[in-house]
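Just follow the structure's listing: the first ligand is 1, and inside any ligand the first atom is 1. These figures come from a predicted structure and were not determined experimentally.
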Amino acid sequence: MAKSLAVLTSGGDAPGMNAAVRAVVRAGIYSGFTVYGVYKGYNGLLNHDIKEMNLRSVSDILSRGGTILFTARSKKFMQVEYQQQAADYCRSLDIEGLVVIGGDGSFKGARALSNAGIPCVALPGTIDNDIACTDYTIGFDTAMNTAVEMIDKIRDTAQSHDRCSVVEVMGRHCGDIALETGIAVGATAIIVPEIEYDLERDVISRIYEQKDTGKKHFIVIVAEGVGGSQEISHYIQHRTGIETRATILGHVQRGGSPTLRDRVMATKMGVAAVDLLAKGVGNRVIASHEGKIVDYDITEALDMPRKFNNELYEVAMKVSI
Ligand SMILES: Nc1ncnc2c1ncn2[C@@H]1O[C@H](COP(=O)(O)OP(=O)(O)OP(=O)(O)O)[C@@H](O)[C@H]1O
Ligand SMILES: O=P(O)(O)OC[C@H]1O[C@](O)(CO)[C@@H](O)[C@@H]1O
Ligand SMILES: [Mg+2]
C-alpha cells in the first residue's frame, strides 16, 4: 500500500483552517502520499469517518471560512482506550502521520496519538491567539478584522447619539483580540483578563478625562475572558450619565473568508507539517517565531508560559486620550 497521511480539524473552527487543509492535501500529494481527510475531529478516527482526498477535493476552499472537514470536541477521545482504537484504525490504513489543526486541547490529543504510535504534527488553528509557543494562530487576523468592521459600524451609531458602547470580543482566557482590535478602533478603554482592572481608574476616569477635551462618544472593549459587559455598561451609564449600550460580538468573529495573512500563514504551516511527517518526525507543533516557521515538541510547546504584550497595551493607553 502507498504511504499515507491524514488531516483533521478539531476544537473551535477558525478562518484559515480550510487553507491549512488544502496545503496539507496538496503538499502531501506532491510528496507522494495518499492523503485522507478525517471528518469531525478525533471522532472521525473513532467512527471511521474518513475519505481519500485528491487535488480537486480542496479546490475553491482557500477563501472559505469554517472547515470542510467539520470539527468537534470529542469527549471519548480523552480516554486512552479510544486513543488506542484510533491509532489501530490509522495503522489499518497504513497512515504514517496525522496533521491536527486546532487549539491547545487538540494538541494534547495529537500528543496522545503520537504516544500511541501515530506520528502527529499539530498546527495552531484558533481565533484566540492563545497558544504560548507561537506568535500567531491561524484565524486571529480574520477574527480581528471582522471585529473591527463591526465596531466601526457600532461607532457610527454611538457617535450619532453621543453614547458609549461597550463591545465584548472573543478570547476565552486571552486578551489579544481585545487589545489589537481596541487599538484599531481607537477604544477609550480595553479590559483584558491578563491585566487586573479597576472600573473607576481604567474606564470611568478615562471617559471623564476625554469628555473634558470635548469627546462625546466612547468605545470600551471587553475581552470575553473578563465578561460582564452588560454589567460594565450599566455601571458606566450610572456613573457618567452617558447613555451606554453593550454588544457581544460572539460567533460572527469565527466566520468569514480568511484574510491574506491567515491564508498565507495556514499554507506555510500546512506545508511545514507535511515536510516533518515526510521525514518521519511526529509529536511536534508548528509555530511562528519572529516571522519564521519553526517547530517544537508538543509537551515543550504546551508547557511554555503565555506572555501578554504589555508594551502594546501601553501603546494603546498612550494614544487613547
Ligand atoms: N488531554 C487530552 N487528551 C486527549 N485528547 C484531548 C485532550 N484535551 C483535548 N483533547 C481532544 O481535543 C479536542 C479539542 O480540545 P478543546 O475542546 O480543548 O479545543 P481546542 O483544540 O483547544 O480549540 P479551541 O480552544 O480553540 O476551541 C477535545 O474535544 C478532545 O477530543
Ligand atoms: O464553539 P464554542 O463552544 O461556542 O466556543 C467558544 C470559544 O471558542 C473560541 O471562539 C475559540 O477558542 C473562544 O473565543 C470562545 O470562548
Ligand atoms: Mg483551547
Side-chain angles (χ1 to χ4, degrees), residues 7-17 20 38-47 49 65-67 69-87 90 98-116 118 120-134 136-144 146-147 167-181 192-194 221-229 248-256 262 266 283 285-286 298-299 301-304 306:
V7 55
L8 61 80
T9 50
S10 168
D13 64 306
M17 278 187 166
V38 180
Y39 291 90
K40 301 192 176 166
Y42 293 110
N43 281 339
L45 294 176
L46 301 175
N47 302 332
D49 195 2
T67 159
L69 294 179
F70 301 86
T71 185
R73 303 187 198 274
S74 169
K75 283 215 177 97
K76 256 187 170 181
F77 192 76
M78 309 281 279
Q79 298 167 47
V80 176
E81 171 194 355
Y82 289 105
Q83 295 160 7
Q84 285 296 344
Q85 216 179 81
C90 289
L98 174 73
V99 180
V100 171
I101 308 163
D104 54 346
S106 303
F107 289 7
K108 291 177 191 157
R111 177 174 59 187
L113 207 49
S114 297
N115 291 338
I118 305 300
C120 295
V121 176
L123 300 194
T126 168
I127 63 164
D128 285 1
N129 204 39
D130 60 349
I131 296 178
C133 71
T134 184
Y136 191 78
T137 61
I138 297 163
F140 180 49
D141 190 55
T142 307
M144 287 191 298
T146 301
V167 184
E168 185 175 310
V169 297
M170 272 188 164
R172 204 188 318 222
H173 307 292
C174 179
D176 283 16
I177 295 178
L179 175 58
E180 294 205 28
T181 299
V192 294
E194 292 88 346
I221 304 291
V222 178
E224 176 193 10
V226 172
S229 46
I248 298 175
L249 289 187
H251 286 80
V252 69
Q253 296 158 97
R254 284 248 292 263
D262 278 324
N283 203 24
V285 173
I286 302 290
I298 296 184
T299 302
L302 286 168
D303 286 346
M304 288 182 192
R306 229 188 67 76

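Atoms of ligand 1 lying under 4.0 Å from any heavy atom of G12, numbered from 1 in the order shown and given with element: 23 (O), 24 (P), 27 (O). Per-residue contacts place K108 under 4.0 angstrom from the following atoms of ligand 1 (heavy atoms of the residue considered): 1 (N), 2 (C), 7 (C), 8 (N). When each atom of ligand 2 is checked for a heavy atom of M170 under 4.0 Å away, the hits are 10 (O), 14 (O). Listed by number with element, the atoms of ligand 1 under 4.0 Å from a non-hydrogen atom of S10 are 12 (O), 13 (C), 14 (C). For ligand 2 and H251, the ligand atoms under 4.0 Å from any heavy atom of the residue are 1 (O), 2 (P), 4 (O). Those atoms of ligand 1 that come under 4.0 Å of a heavy atom in G109, given as number and element, are 4 (C), 5 (N), 6 (C). The distance from ligand 2 to the heavy atoms of T126 drops below 4.0 Å at these ligand atoms: 11 (C), 12 (O). Counting atoms of ligand 1 from 1 in the listed order, those under 4.0 Å from a heavy atom of G103 are 20 (P), 21 (O), 22 (O), 23 (O). Atom numbering of ligand 2 starts at 1 in the shown order; those under 4.0 Å from a heavy atom of G171 are 14 (O). Close approach of ligand 2 to R172 (heavy-atom distance below 4.0 Å) involves ligand atoms 7 (C), 8 (O), 12 (O), 14 (O), 16 (O).
For atom 18 (O) of ligand 1, the closest non-hydrogen atom of the protein is G105 CA, 3.4 Å. Here the heavy atom of the protein found nearest to atom 14 (O) of ligand 2 is D128 OD1, 2.7 Å. Residue, atom and distance of the protein heavy atom nearest to atom 26 (O) of ligand 1 are T126 OG1, 3.1 Å. For atom 3 (O) of ligand 2, the closest non-hydrogen atom of the protein is R73 NH2, 3.5 Å. Protein heavy atom closest to atom 7 (C) of ligand 1, with residue, atom name and distance, is M78 SD, 3.3 Å. In terms of protein heavy atoms, atom 22 (O) of ligand 1 is closest to D104 OD1, 2.7 Å. Protein heavy atom nearest atom 16 (P) of ligand 1, with residue, atom name and distance: R73 NH1, 3.7 Å. Protein heavy atom nearest atom 3 (N) of ligand 1, with residue, atom name and distance: Q83 NE2, 4.0 Å. Nearest non-hydrogen protein atom to atom 29 (O) of ligand 1 is S74 N, 2.7 Å. The nearest protein atom to atom 25 (O) of ligand 1, hydrogens excluded, is given as R172 NH2, 2.9 Å; this is a heavy-atom distance.
Judged by distance alone, with hydrogens and angles left aside, the side-chain atoms of Q253 form a donor-acceptor pair with the main-chain N or O of G250 at under 3.5 Å. With hydrogens and angles disregarded, no donor-acceptor distance shorter than 3.5 Å links the side chain of Q83 to the backbone of A112. Put simply, the side chain of Y82 never gets that close to the backbone of N43: no donor and acceptor are under 3.5 Å apart. At distances below 3.5 Å, at least one donor-acceptor pair connects side-chain atoms of T71 with backbone N or O atoms of G11. Of the possible donor and acceptor atoms, one in the side chain of Y42 sits under 3.5 Å from a partner among the backbone N and O of A110. A donor-acceptor pair under 3.5 Å is formed between the side chain of T9 and the backbone N or O of F70.
The side chain to side chain contact (heavy atoms under 4.5 Å, CB included) test with Y39 singles out one residue from N47, T67, L69, and that residue is L69. Screening I101, V38, L98 for a side chain to side chain contact (heavy atoms under 4.5 Å, CB included) with V7, the sole residue that qualifies is I101.
Atom OD1 is the N, O or S atom of D104 at the shortest distance from the Mg ion (ligand 3).
In summary, R306 and D104 do not engage in a salt bridge, as defined by a charged side-chain N under 4.0 Å from a carboxylate O.
Note that OG of S10 is 12.0 Å distant from CG of L123, once rounded to the nearest 0.5 Å.
Nearest heavy-atom pair, D128 versus C174, reported as atom, atom and distance to 0.1 Å: O-SG, 3.3 Å. Nearest heavy atom pair, residue A86 against residue F77, reads CB-CE1, 3.7 Å. Among all heavy-atom pairs drawn from I131 and G102, the shortest one is CD1-O, 4.3 Å.
For the ligand labelled ligand 2, residue Q253 lies outside the 4.0 Å heavy-atom shell.
For ligand 1, one of its N or O atoms has an N or O atom of S106 under 3.5 Å away.
One side chain, Y136 or D262, offers a donor N or O that lies under 3.5 Å from an acceptor on the other.
The closest non-hydrogen atom to atom 1 (O) of ligand 2, taken over R254, E224, H173, comes from R254.
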